[in-house]
There are 2 protein chains.
Amino acid sequence: MSTQDERARQQLIDLAAEFYDQFARGEVPEMTLPTRTKSNIEYDEESGVWVYGDRTSTRSANSVRGARKLLKATYTIDFLARQLEEGRSSTLRELYYLSESWDAEEAAFSDQDESNQLIEDLEIVSEVTREDFHMRPEESGATLMGPLELREQTRRGEREIHCQEDVGEGGYQIPNNPDTIDFLDHDVDFILCVETGGMRDRLVENGFDTDYNALVVHLKGQPARATRRITKRLHDELGLPVVVFTDGDPWSYRIYGSVAYGSIKSAHLSEYLATPEAEFVGIQPEDIVEYDLPTDPLADSDVNALESELEDPRFMTDYWEEQIELQLDIGKKAEQQALASRGLDFVTDEYLPTRLDEMGVL
Amino acid sequence: MSTQDERARQQLIDLAAEFYDQFARGEVPEMTLPTRTKSNIEYDEESGVWVYGDRTSTRSANSVRGARKLLKATYTIDFLARQLEEGRSSTLRELYYLSESWDAEEAAFSDQDESNQLIEDLEIVSEVTREDFHMRPEESGATLMGPLELREQTRRGEREIHCQEDVGEGGYQIPNNPDTIDFLDHDVDFILCVETGGMRDRLVENGFDTDYNALVVHLKGQPARATRRITKRLHDELGLPVVVFTDGDPWSYRIYGSVAYGSIKSAHLSEYLATPEAEFVGIQPEDIVEYDLPTDPLADSDVNALESELEDPRFMTDYWEEQIELQLDIGKKAEQQALASRGLDFVTDEYLPTRLDEMGVL
């Protein structure tokens with residue numbers, strides 16, 4: 001076992017040992033967790049990310065339901081500890097199905113929400129990430145393209161890969177756990193996270209990554225944890241600026257938000273996943289007006305989402321208030337690829353250089 | 001321009017020339033297309049795929065609406081011919097937005113369905129695929145993992161990649177146009193197409209590709225054209241059997257169907273995309289019973305989809321009728337990952353070897 005695996009295993013065993021000690025002391029076993037709601041997240045000045053506040057909830061064995069929850073937790077801990085010993089991994093869905101084979105029938109999960117939630121609880125209490133439990137996500141990570149050379153530790157040995165010279169046009173596929181990667185060498189000036197595949201391909205075809213020494217990260221819509229994690233590591237370890245380029249609508253601002261601020265659901269992981277220094281390139285509502293982009297009208301659900309963002313502490317900055325109010329005012333949204341209405345090269349010859357210069361990235 | 005690009009360009013120019021000739025002869029220009037409905041697809045004995053039948057529809061300039069359609073077609077042909085000359089490419093969405101910049105305002109598409117449909121019409125009439133027009137899809141292709149060495153012709157030169165030794169755990173990312181790939185060398189015994197990411201990762205973690213010389217193709221749900229195209233080429237050019245492994249529900253049988261039979265929407269491309277020899281591994285309704293897998297009950301929409309499959313000429317075989325009737329009878333469906341209820345290694349130690357042996361693949 002690696003030191004990291006050994007540590008993860010130990011944290012899990014300690015948790016189970018605590019239930020044991022509680023029993024031994026004649027106490028009803030319980031597990032205390034931060035309350036995971038929007039009203040219990042707060043800005044942590046030091047790390048610059050949003051984390052859970054002080055409110056907590058307790059899972060206690062003083063009811064049949066609570067006792068069953070702790071039984072499931074111990075079975076899951078046992079499974080995870082063995083998985084780490086054997087150097088194996090599994091998906092959240094496999095865990096749910098596996099629980100049907102456990103000898104205590106009452107330990108089987110009734111649905112996958114329950115097992116997913118338990119894994120998140122264990123992440124929070126043990127301070128070990130799901131990736132370090134060797135739990136793989138269903139969603140796959142995205143791809144990288146740019147002047148970066150890395151080493152990935154795979155089950156089949158080490159692979160050294162240059163993310164331009166050793167990959168096809170599809171780029172380098174980020175593995176489920178990007179902490180198996182070491183960065184070896186690079187000529188990257190900044191990280192450009194891109195929402196859509198069409199725009200990612202446009203940038204690569206136009207050679208934006210070579211012309212501007214950009215590392216293009218394809219977010220594929222709402223980014224997977226692996227994508228957010230590698231973005232954060234590229235920022236922290238290589239000291240590179242991160243910019244996010246999405247469609248111009250409220251759902252895309254949330255994509256930016258998940259890269260920069262983390263999500264409510266995974267606020268316990270903000271320090272592991274979020275890159276608070278990440279900046280938003282666009283499409284800004286301002287761009288829709290300035291470049292007279294082809295648009296669609298805002299639907300009711302878009303308007304509601306924008307209004308909810310105005311009340312979200314993570315979007316309470318002058319910049320976002322101004323942009324969101326402008327968008328509500330013009331009643332329109334636009335896609336990244338709408339820039340093609342000014343020609344296929346407009347995005348790489350004009351739009352991005354201008355925006356990145358304004359932002360001080362170029 | 002490559003010979004292939006030159007040929008594609010010529011086919012397009014010929015189309016436009018035909019409109020010109022029709023005008024010159026004093027005829028109203030028109031374009032004739034096969035009718036694209038379920039009732040107009042038929043089985044082609046020779047190629048073993050489903051293609052359009054004899055019924056046709058005509059787009060004529062004898063109405064303002066029809067004339068506008070042909071105007072849009074000529075502008076699009078002009079754009080595509082220039083794109084091929086310049087060795088560039090674009091996405092379907094970019095085409096839609098680009099049309100706003102054309103000098104004839106009436107040539108602009110009113111929505112993306114219209115431009116998508118036109119590109120499909122041009123594919124059918126010119127007998128050139130969208131990929132050969134250099135139109136990229138939005139959806140990205142999937143990944144390959146297995147003992148295959150290939151050469152990809154990228155804009156940045158040739159890349160030789162071994163799909164186990166030169167890639168990370170994420171595998172080799174299939175480019176948008178897999179016809180840029182040459183197969184160099186391989187130790188592959190069969191192609192295993194897998195629906196879900198969780199199962200793809202399980203097979204790779206358990207070393208199924210190395211133990212059984214399998215090339216694992218991740219379909220990512222309904223497979224992109226690039227994924228179906230490379231599967232077909234692997235079958236045809238390397239003479240390798242193709243098997244498809246999905247969840248056990250009607251939507252997954254359609255995924256198998258799109259690999260094996262092609263789709264109604266793209267019946268003009270069946271010979272380019274479909275692998276009629278592809279066989280279905282499972283999850284079969286029979287497996288649900290035999291292995292007592294964890295299941296979900298069939299929803300009404302599942303039942304309707306199964307009944308519609310019973311009436312679909314592509315599923316009218318003894319095998320499918322038996323399996324679908326069994327499923328309607330037991331009223332249950334199961335996922336690939338439900339095999340984990342018998343342990344994480346059951347799928348690679350037991351299920352797949354047994355099934356592949358029965359099917360004569362091993």
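In the text below, chain A, chain B and the rest are named by the order of the sequence lines, each starting its count at 1.
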*Mind listing the closest non-hydrogen atom pair of A:Q173 and B:G171 along with its distance?*
CB-O, 3.9 Å
_Heavy-atom pair count under 4.5 Å with chain B, highest-scoring of A:Q153, A:E152, A:R156_ = A:R156
_Other residues, nucleotides, ligands: >12 heavy atoms within 6.0 Å of B:K332 NZ_ = no
*Shortest non-hydrogen contact between B:A340 and A:Y97, atoms and distance*: CB-CB, 4.2 Å
*Hey, could you give me the CD/CZ distance between B:E100 and A:R342, rounded to the nearest 0.5 Å?*
11.5 Å
*Where does A:V204 contact chain B at under 4.5 Å (heavy atoms): side chain, backbone, both or neither?*
both
_Residue A:I161 versus chain B: region with a heavy atom under 4.5 Å_ = side chain
*For the residue pair A:R202 and B:R136, establish whether any side-chain heavy-atom pair is separated by less than 4.5 Å.*
yes
*Can you say whether A:Q164 sits under 4.5 Å from chain B via the side chain, the backbone, both, or neither, judging by heavy atoms?*
both
*Contact leader toward chain A among B:A108, B:G157, B:G198, where contacts are heavy-atom pairs under 4.5 Å*: B:G198
*So which part of A:R200 gets closer than 4.5 Å to some heavy atom of chain B, the side chain, the backbone, both or neither?*
neither
_Region of A:T196 that comes under 4.5 Å of a non-hydrogen atom in chain B_ = neither
*At a heavy-atom separation under 4.5 Å, does A:S89 approach chain B through its side chain, its backbone, both, or neither?*
both
*Check each atom of A:D166 against the heavy atoms of chain B and say whether the ones under 4.5 Å are side chain, backbone, both or neither.*
backbone
*Min side-chain heavy-atom separation B:R88-A:N206 under 4.5 Å*: yes
*Looking at A:S101 and B:S341, what are the two nearest heavy atoms and their distance?*
CB-O, 3.2 Å
*Of all of B:T210, B:I181, B:D201, which one pairs up most often with chain A through heavy atoms under 4.5 Å apart?*
B:D201
_If we define contacts as heavy-atom pairs under 4.5 Å, which of B:V167, B:L150, B:L92, B:I174 has the most with chain A?_
B:V167
*Quick one: does A:N176's side chain get under 4.5 Å of B:E205's, heavy atoms only?*
no
*Is the closest side-chain heavy-atom distance between A:E94 and B:L344 below 4.5 Å?*
yes
*Interatomic distance, A:Q337 atom CD to B:L98 atom CG [nearest 0.5 angstrom]*: 10.0 Å
*Report yes or no: does A:E169 contribute a side-chain atom to a donor-acceptor pair with the main-chain N or O of B:R155 at less than 3.5 Å?*
yes
